[in-house]
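Note sheet for the following structure.
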Amino acid sequence: MTLNTSRRNFLVGVSASASVLVVGLTSTDSWAASNTAAEITPFIKIDKEGTVTAILKHFEMGQGTTTGLTTLIAEELDADWDKIQIEFAPADGKRYANLLFGAQGTGGSTSIANSYLQYRKAGASARDVLIRAAAAKWSVSPSTVDIQNGLLVSGSHKAHFGEVIDDASKLNPSAEPKLKSRADFRLIGNASLSRKDSHSKTDGSAIFAMDVKVPNMVYASVTHSPKFGGTALSFDLSKAKDVPGYIDAKLLPTKTGVVVYAKNTWAVKQAREQLSIQWDFSKAETRSSDAMVTEHKKLLDTPEFSATKDTNFEATGALLASAETVVEADFLLPFLSHEPMETLNCVIEPTANGVRVYDGSQFPGLTQPTVAAILKLKPEQVEIKTVYAGGSFGRRANGTSDYEAEAAMAFALLGGKTPVKLVWMREDQVAGGYYRPMAAHRIKIGADANGKIVGWDHRTASKSIMKGTPFAGGYVHEGVDHASVEGIADTLYSIPGFSVGLSDFKSPISVLWWRSVGHSHTAFAMESALDMVATDTKKDPVTLRLSLLNSGSKDHMRASAVIKLAAEKAGWDKPLAKNRGRGFAMHKSFNSYVAEVAEVSINSDGSVKIEKITCAVDCGVAVNPDVIKAQMEGGIGYGLGAAMRNEITFTDGVVDQSNFPDYEPIRMSDFPEIDVHIVQSDENPTGVGEPGLPPIAPAVANAIFAASGKRITSLPFSENGISFG
């Protein structure tokens, strides 16, 4: 069962019963226990029946946080896994902040990484006060009290948690609650642990944003400019009035679109199609894709910024001039849309104190102040009721909180008293921007007579994701948006004469992180280029990579380990039948190391069949191995689908694609066999939601070359005459 609540309702609910134990943080970040949430920020709630509820500061969009965070609490508390419940935390940017972001939000594959110790300490603090309360009740030493699957036990004494919560709520947890040793883990690392969200999602009881309905609610949808940067001058709604269910239409204060209100989504869709809008395109993007590609390539000639401290293109050029072998290639990757299955939507309704927003809220820390500013409220007057989201891949979190802001404007324009459900149609989402930016790379690599790399000139151009956003301070330094060059400027490989330059493409097209952010294009360029070097110097691709990871550092040792594991499990050295090939790629992202081997075959008609993907991942302690395996599979599938045939293109500034028929997601028939191997590690957990994606496109491209001799340097594969069968 999943519960969702606001902070205010949570406080009221907890305070209404004296028979509740709340464990959480005080204003001084000390762990505390109480029978009220008024003084502390709750992470755990235990009722008189002994039911444990984990309060989750990260929401669930399919990546497994409901399971992962709950595992950390249940492990240290020795709670009954089958009975522990989950509840999404209310918006509280200080107490529920992502410790790596400094604001409340879910993303960047950080949920477990930043919560690992925090949630374990919450569980250990609850265990501490429960054991001491039971010991006092039974007049025994706390050292004799144990917890076994949710039951307190000491000799002949037994009790469930609820029987001692009144006494436990009066105790202060130890300043540093004792954590289990890894040898004692019962749930962390348990590959057979069931997911906490599986049952409700299977029986249909899980509530997604699209499921939310409130009394007297009307539906709203916005018609946006067909060209990015366009603004609405005027509109004619005379024909829309004839649509059954139509209510009204209004120009957004930002002039970025016209919002239509109706009694249901069908009426909204039909009424929108009857609007006649006059647009001003004087500041809009009007170029077609060919012109944008030309501009990206032109920017590679003279990089604007040096992306590494020792970048010196003149010195690198001298090394390349004396090299025995020179490899040169241009790489091009298109704009990409996120396309989660659930389109963007949320509900906003009035409350006695302000408003309530029902949302699959990825970044409450941004949404709450954004909505408050639009409605002229204080942030604490904006209550966010977080529900499940049907995917995101980064789209639900952006610096403008775009769809929540539209909902707030739509709500205000209708008078601020009628609940409004804002819904984006699939066509809005495909053509609505916040894309993974187009990226161009130009690489020139020199090797000596022994095949050793002596110089690497790497230039890239793409639109900055971070500049002009609230995240710029953490990512933009000396003009370089490091989200554009991550995976290049900070490559693990020891490459002499390595120079990296960056240029920013300028356009009104809105861009955003897409699953794995910059790594989604930098890995393709780096790992494809390394394969080209291996070919031209007659080196084995795996051996070449290992030779560039020989410093003995922990980074190099961990990267080498996943390379060797993936190669071993894939049978890298075993011969293949004719028209078959294997391709290799390794990439570090979000502090995790992933190596992938793709095996493909060429059919008689020339089409490609992806037979198998072998994946090795080192993400530190594997909290939930089954979730990690699923995330690797999901990242591989998502990245593979995009690489096969996805791209957003433009004609005179208008997006050519509109829905799944021309922006086709990966299908079950496309999926190869995927074999995932998790490296056993004692390092703290790192990311798993995104690191599986970066190596897949280069691994498949390298495999196609091995099987057919055709080198692919631009995506999608379909634009290179590659079909899949």
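- Partners of Glu339 under the salt bridge (Lys or Arg N to Asp or Glu O under 4.0 Å) rule, at least two apart in sequence or in another chain, are Arg426.
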Please assess Tyr475 against Trp513 for the test ring-ring contact (aromatic ring centres under 6.0 Å, His included), listing each intermediate value before the final yes or no.
-> CA-CA 12 Å; Tyr475 283 87; Trp513 38 73; 7.7 Å; no
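- A distance-only check finds no donor-acceptor pair linking the side chain of Tyr116 to the backbone of Thr686 [under 3.5 Å].
- Taking the six-membered ring where the residue is Trp, His477 and His482 present tilted rings, their angle falling between 30° and 60°.
- Residues meeting the side chain to side chain contact (heavy atoms under 4.5 Å, CB included) test with Ser139, sequence neighbours left out: none.
- With sequence neighbours excluded, the residues satisfying side chain to side chain contact (heavy atoms under 4.5 Å, CB included) with Glu176 are Lys121.
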Side chain to side chain contact (heavy atoms under 4.5 Å, CB included) assessment of Asn149 paired with Arg186 | CA-CA 10 Å; Asn149 203 31; Arg186 178 176 63 93; 3.7 Å; yes
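- With respect to Asp402 and Arg395, a salt bridge is recorded, a charged nitrogen being found less than 4.0 Å from a carboxylate O.
- With rounding to the nearest 0.5 Å, the separation of CG in Asp626 from CG in Asn624 is 8.0 Å.
- Residues Ile188 and Leu72 form a side-chain contact, since some pair of their non-hydrogen atoms from C-beta on lies under 4.5 Å apart.
- Both tests do not hold together for Arg558 against Tyr593: distance to the six-membered ring centre under 6.0 Å, angle to the ring axis within 45°.
- Atom NZ of residue Lys629 and atom CD1 of residue Ile678 lie 9.0 Å apart, to the nearest 0.5 angstrom.
- Glu690 has its side chain out of reach of Trp514: every pair of non-hydrogen atoms, C-beta onward, lies at least 4.5 Å apart.
- Inter-residue side-chain proximity for Ser194 and Trp81 is flagged as met; some heavy-atom pair is nearer than 4.5 Å.
- With sequence neighbours left out, Glu163 forms a side chain to side chain donor-acceptor pair (under 3.5 Å) with no residue at all.
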Salt bridge (Lys or Arg N to Asp or Glu O under 4.0 Å) assessment of Glu60 paired with Lys196 = CA-CA 11 Å; Glu60 178 73 63; Lys196 271 294 166 187; over 6 Å; no
When you look at Val52 and Lys83, which way does the side chain to side chain contact (heavy atoms under 4.5 Å, CB included) test go after all the steps?
-> CA-CA 7 Å; Val52 179; Lys83 295 181 180 178; over 6 Å; no
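- With hydrogens and angles disregarded, no donor-acceptor distance shorter than 3.5 Å links the side chain of Ser30 to the backbone of Thr26.
- Ring planes of His157 and Trp138: parallel class, angle under 30° (limits at 30 and 60°).
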Begin with the C-alpha distance, continue with both residues' side-chain angles, and end with the deciding distance and a verdict on side chain to side chain contact (heavy atoms under 4.5 Å, CB included) for Arg396 and Glu342.
-> CA-CA 11 Å; Arg396 298 180 192 278; Glu342 181 188 21; 3.4 Å; yes
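- Counting only distance, with no hydrogens or angles, the side chain of Lys569 and the backbone of Cys615 share no donor-acceptor pair below 3.5 Å.
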Which atom pairs, one a donor and one an acceptor, fall under 3.5 Å between side chains of residues 205-217 and the rest of the protein, sequence neighbours left out?
residue : atom : partner : partner atom : Å
Ser205  : OG   : Asp203  : OD1          : 2.7
Asp211  : OD2  : Phe208  : N            : 2.9

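- Contacts of Ser154 classified as side chain to side chain donor-acceptor pair (under 3.5 Å), with partners at least two apart in sequence or in another chain: Thr144.
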